[in-house]
Amino acid sequence: MDKFQAFGKNISASFTPFAARTQQYVKEQLGQADEKTELPPDYVELERRVDALKQVHQKLLQVTSQYANEAYDYPPNIRESFNDLGRTISEKVHLLSTASSPAEAQAAFTAPPSAKPQPKTFNHAIARASLAGSQILSQSDTKGTDDPLAQALEKYAIAEEKVGEARLAQDEKIQARFLAGWSTTLNTSLNFAQRARKGVENARLSLDATKAKVSRGGRGMNPDYDSNNMTEAQRVEIEKAEDEFVNQTEEAVGVMKNVLDTPEPLRNLADLIAAQLEFHKKAYEILSELAPMVDELQVEQEASYRKSREG
């Protein structure tokens, strides 16, 4: 029986502070609280800055999380078959170069997969469509002439596959160097700050609930009760609640300052920009190398066209 009573007292002791805080919170929401302890202006400013930082992380992660989705730029209206995704453009071009007849070329083009399906990115899709177009033109040419457009499309397909691979490399770097870091800040550091702020709010509610209880207990039926006449026990109870409020506030200030001062988010953003820059630079280099070759084919074709018209 004694153990049961002790257990009941422990439950009551742990529940009472929560009930007091809840009651105080409800009174404040209804505008029935006699007083509310004000938080220091510097603390309130830190809260605003932490809330702003959290909002920034949420907004940017909502968009940049797409870098973890391989097909974020893959057109939804494209319908590619299993064979279309079976081999890389480079593999298909090599197989086509060794074909000695249209039948062998078709067999090489539709060869079964040698590895995992090819990536579903916009650049890879352009590459596959370009190579398919090149093959269609080549197969339609019964005279065996080298169609300039077919040649250009094949070169374009190879280049676009390289751009697609560069894009995938960019995405991997962004996932590792930006998304991971910002997700950690949002889900760990900012959560620590939120818990510390919750501790301050609970301590404040407990303090104001204690003040209200002491005030009610002393006033009783006497409206002229002066809170300065509180008992020593009541004064100790309020001082204890005040100390807890001060301690929780100081701890939260330290946590929030640490979150706001850390250079990690800006370092992660710099890594994001560097990955994007490296990709666009690589894409520029690939296409810059391709453009003169296609221009040369175009010039040759136009010269041939003019010559045939003159003849």
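Values reported hereafter were calculated over all heavy atoms of this structure, with side chains retained and with hydrogens, waters and symmetry mates removed. From a predicted model like this one, the values you see are computed outputs, not experimental measurements.
Taking a 6.0 Å sphere around CZ of R49, one finds it holds 12 or fewer heavy atoms contributed by other residues, nucleotides or ligands. Counting heavy-atom neighbours within 6.0 Å of F122 CZ, excluding the residue itself, gives a total of 12 or less.
A distance-only check finds no donor-acceptor pair linking the side chain of Q248 to the backbone of E201 [under 3.5 Å]. S304 contributes no side-chain N or O that, together with a main-chain N or O of E300, makes up a donor-acceptor pair within less than 3.5 Å. Under a 3.5 Å cut-off, the side chain of S65 and the backbone N or O of L61 do form a donor-acceptor pair. The closest donor-acceptor contact from the side chain of T262 to the backbone of N258 lies at 3.5 Å or more, if one exists at all.
To the nearest 0.5 Å, atom CD of residue Q194 and atom CG of residue D51 are 7.0 Å apart. Here the straight-line distance linking atom NE2 of H57 with atom OG1 of T184 works out to 9.5 Å at 0.5 Å rounding. Interatomic distance, OG of S130 versus NZ of K155, reported as 13.5 Å (0.5 Å rounding). Note that CD of E237 is 12.5 Å distant from NZ of K211, once rounded to the nearest 0.5 Å. Separation of atoms CD1 (I238) and CG (D243) is listed at 12.0 Å; rounding is to 0.5 Å. Separation of atoms CD (Q170) and CZ (F279) is listed at 5.5 Å; rounding is to 0.5 Å.
The two atoms that bring E70 and K120 nearest to each other are OE2-N, 2.9 Å, heavy atoms only. Contact detail for A275 and I174: the closest heavy-atom pair is CB-CG1, 3.7 Å. For A252 against R197, the heavy-atom pair with the smallest separation is CB-N, 4.3 Å. Shown here for Y74 and R128, the closest heavy-atom pair between the two residues is CE1-NH2, 4.0 Å. In terms of heavy atoms, A127 sits closest to E161 at CB-N, 3.7 Å. Summarising the geometry of A241 relative to T210, their closest heavy-atom pair is CB-OG1, 4.2 Å, with the distance given to 0.1 Å.
Within the structure, every pair that satisfies the ring-ring contact (aromatic ring centres under 6.0 Å, His included) test and touches residues 159-178, not counting sequence neighbours, is listed here: F178-W182. Contacts classified as salt bridge (Lys or Arg N to Asp or Glu O under 4.0 Å) and involving residues 170-184 (residues at least two apart or in different chains) are given here: R167-D171, K173-E278.
A continuous path of ILVMFWY side-chain contacts below 4.5 Å connects L266 to L190, so both sit in one hydrophobic cluster. Grouping the Ile, Leu, Val, Met, Phe, Trp and Tyr side chains by contacts below 4.5 angstrom, directly or via other members, places L53 with L179. Under the 4.5 Å side-chain heavy-atom criterion for ILVMFWY residues, no single connected hydrophobic cluster contains both L168 and V163. Note: the hydrophobic cluster containing I136 does not contain L131 (ILVMFWY, side chain heavy atoms under 4.5 Å, direct or indirect links). Hydrophobic clustering (ILVMFWY, side-chain heavy atoms < 4.5 Å, transitive): F245 and V44 are in one cluster.
For the pair E165 and P119, the minimum side-chain heavy-atom distance is below 4.5 Å. Annotation: side chain of N268 is not in contact with side chain of L272 (no heavy-atom distance under 4.5 Å). Within the 4.5 Å cutoff, the side chain of M256 has no heavy atoms near those of the E45 side chain. Side-chain contact between L207 and E244: absent, with no pair of heavy atoms (C-beta onward) separated by less than 4.5 Å.
A salt bridge links R267 and E264; the closest N-O separation between the charged side-chain nitrogens and carboxylate oxygens is under 4.0 Å.
Residues passing the side-chain contact (heavy atoms from CB on, under 4.5 Å) test with P41: none are found, sequence neighbours excluded.
Members clustered with V63: none, using a 4.5 Å side-chain heavy-atom cutoff among hydrophobic residues. When hydrophobic residues (I, L, V, M, F, W, Y) are linked wherever their side-chain heavy atoms come within less than 4.5 Å, the members clustered with L137 are L149, L153.
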Return a table of donor-acceptor pairs under 3.5 angstrom between the side chains of residues 281-298 and protein atoms on other chains or two or more places apart.
| unit_1 | atom_1 | unit_2 | atom_2 | d |
| --- | --- | --- | --- | --- |
| S288 | OG | Y284 | O | 2.6 |
| Q298 | NE2 | E302 | OE2 | 2.8 |

